[in-house]
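What follows is a short report on a single structure.
All residue numbers in this chain count up from 1 along the given sequence. Just follow the structure's listing: the first ligand is 1, and inside any ligand the first atom is 1.
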Amino acid sequence: MGYLEFIKAAANVKPSKRQLHTFSQVGFYAFIHFSPNTYTNLEWGLGNESPQIFNPVELDCDEWVDSIKSAGIKGVVITAKHHDGFCLWQSKYTEHCMKNSPYKDGKGDIVRELAEACQRGGIEMGFYLSPWDRNSKYYGTDEYNTYYKNQLTELLTNYGKIFHVWFDGACGEGPNGKRQEYDFNGYIEIIRKLQPDATIFNDAGPDIRWCGNESGKARQAEWAVVPCELCHRAEVQTNGALLQGDLSHMNNWDKDIGVISNIVYSRGLVFCPSEVDMSIRPGWFYHPDEEPHSLERLFDTYINSVGANASFILNIPPMPSGKFDCRDIKRLKELGDKIKNSFSDDFIRSSGTSVEFERLFGTQCAFKVALPEKKKISYVVLQEDISRGQRVESFKIYKRNRSGDWGSVYSGFTIGNKKICPVNFVTDEIKIHITASRDETLMKKISLY
Ligand code: FUL
């Protein structure tokens, strides 16, 4: 394969329907970390906690869903089981679950309560089922994979439609001091069979990968098209390598995983977008002495995830009572209001202006917008038609100055599903110059706020 052919192939690696749904349509979803840790003030439970301590007497999942929705969030992923092994549903396969909690006299099922509340509230439901299990007596033996698959099957068949399954990669010691060899291929097969529309998150794919940090930042150049050596569980879409390379040294936290000078060494390319995960507070579980992060930090994370070609999973940990802390409820609403207010009036649409397209050299091109009157612009939002691949490598934004010439106001790298460019100027005319693209640019939407 020649170099140009390789670049064109990279530009045409496409998402699956399920990836488009979670990454592009849902985009922003909540995480809920809830387990005996909520009662012991730990982040990683030991696995020997008594189910008797888990009793969220004031739990109301409709309230969770209302708060989540107030932030503009469209789905939720709950820790059905965290590393301590306690199951938030009525599992047939273990006693270390709701059956032995005082909550609703052992008849409670929090996965069900949440799934039903999501359905009533019109948001999507997903779950985290930790492979690492510090309670199961099977952990460290082949039987554990059967146990895990049985639990997956329960969650995938009894709780309606699931949009996202979150596989943590952590693999520590179980109660008998042994580590487990996880049968990820077997787990994936079950999910594909029982819920073919659900995306699967894991460091290595297949559908969505970890952005590489827990501080809430996508890369400056975030590519959804990455080498198969990084996401080896995703489907390889290109055939033949350009250079006989080996990228097995790559990590999720590397800065340059999608750039062309790197991917030319890959054995094949896959579509596997990045997910930014972050908690509204420092811990994943509730700790009474912690405070929620500032509105600025959360909004900034939204811009640097949803607005940087990644999805965003924001964790809100319930308190021992089962309720969200009122400070978190307030912050979620503030965040939702800020997102809504920042992106409510698109000057292009509200003025009925059309975008003018100009072909330049090769795959370079420009988009021009002339508004009927001057506006103060705070965000330029660009969206490629990601369903047909990710192409733009770099771009520049210019505004028309009073003197009539173009002044450069922003330069960026990738666009992908959505690129939110924070800017600050007044003008009635802007130009977006695509300075490098892997193939013809397929811009889905340009918005000015
Ligand atoms: C990590 C886990 O070890 C943390 O406890 C948390 O669940 C986070 C989202 O993933 O790997």
Side-chain angles (χ1 to χ4, degrees), residues 22 28-49 54 64 68 73 75-89 96 110-111 114 125-136 139 148 151-152 155 162-175 179-180 182 184 187 199-205 207-218 230-231 233 251-253 273-287 290 292-293 298 301 305 310-319 324 328:
T22 298
F28 184 18
Y29 32 96
F31 222 166
I32 292 185
H33 275 66
F34 198 26
S35 90
N37 293 349
T38 311
Y39 299 83
T40 55
N41 210 12
L42 292 176
E43 277 290 307
W44 282 2
L46 305 175
N48 59 4
E49 295 80 7
F54 189 89
W64 285 1
I68 286 168
I73 294 176
V76 53
V77 175
I78 187 165
T79 54
K81 177 182 90 167
H82 201 253
H83 308 330
D84 55 73
F86 182 76
C87 301
L88 297 187
W89 78 99
H96 199 56
I110 293 176
V111 176
L114 181 58
M125 171 74 182
F127 64 83
Y128 168 122
L129 185 69
S130 170
W132 183 21
D133 191 320
R134 303 179 93 176
N135 176 270
S136 172
Y139 195 85
Y148 188 88
Q151 293 203 319
L152 260 184
L155 291 169
I162 298 296
F163 89 105
H164 199 38
V165 178
W166 221 90
F167 279 141
D168 192 274
C171 180
E173 289 174 0
R179 278 174 207 269
Q180 177 72 35
Y182 302 137
F184 274 120
Y187 307 163
T199 41
I200 302 171
F201 169 94
N202 184 252
D203 290 2
D207 299 318
I208 301 206
R209 71 184 154 85
W210 184 41
C211 70
N213 66 77
E214 282 174 358
S215 54
K217 266 205 168 31
L230 182 77
C231 293
R233 296 202 177 92
N251 276 314
N252 288 70
W253 51 88
S274 146
E275 181 185 272
V276 169
D277 61 335
M278 185 195 175
S279 186
I280 196 166
R281 295 159 164 259
W284 291 106
F285 286 89
Y286 187 78
H287 306 292
E290 289 182 354
H293 295 309
L298 294 175
T301 305
S305 55
S311 56
F312 181 16
I313 184 163
L314 174 63
N315 180 63
I316 309 110
M319 302 188 291
F324 286 162
D328 298 359

Working note: Phe167 + Tyr182, criterion ring pair (Phe, Tyr, Trp, His ring centres under 6.0 Å); need CA distance, chi angles, decisive distance, verdict. CA-CA 11 Å; Phe167 279 141; Tyr182 302 137; 9.0 Å; no
Using a distance-only test with no angle check, is there a side-chain donor-acceptor pair under 3.5 angstrom linking Trp253 and Asn213? no
Where ligand 1 meets Tyr128 - atom numbers and elements under 4.0 angstrom, heavy-atom basis: 2 (C), 7 (O)
Looking at ligand 1, does any of its N/O atoms fall within less than 3.5 Å of an N/O of Asp168? yes
Just say parallel, tilted or perpendicular for the rings of Tyr128 and His83, cut-offs at 30° and 60°. tilted
Mind checking whether Phe285 has a heavy atom under 4.0 Å from ligand 1? no
Can you sort out which atoms of ligand 1 are near His33, meaning under 4.0 Å from one of its heavy atoms? 6 (C), 7 (O), 9 (C)
Donor + acceptor pair across side chains of Glu43, His33 (<3.5 Å): no
Using heavy-atom distances, let me know which of Glu43, His82, Met278 sits nearest atom 5 (O) of ligand 1. His82
Under 4.0 Å from a heavy atom of Phe31: give me the atoms of ligand 1 that qualify, with their elements. 9 (C)
Taking atom types as modelled, find out whether Ser130 and His82 have a side-chain donor-acceptor pair closer than 3.5 angstrom. no
Would a line drawn from the ring center of Phe54 to the ring center of Phe34 be shorter than 6.0 Å? yes
A student checking ligand 1 against His83 at a 4.0 Å heavy-atom cut-off should list atoms 2 (C), 3 (O), 5 (O)
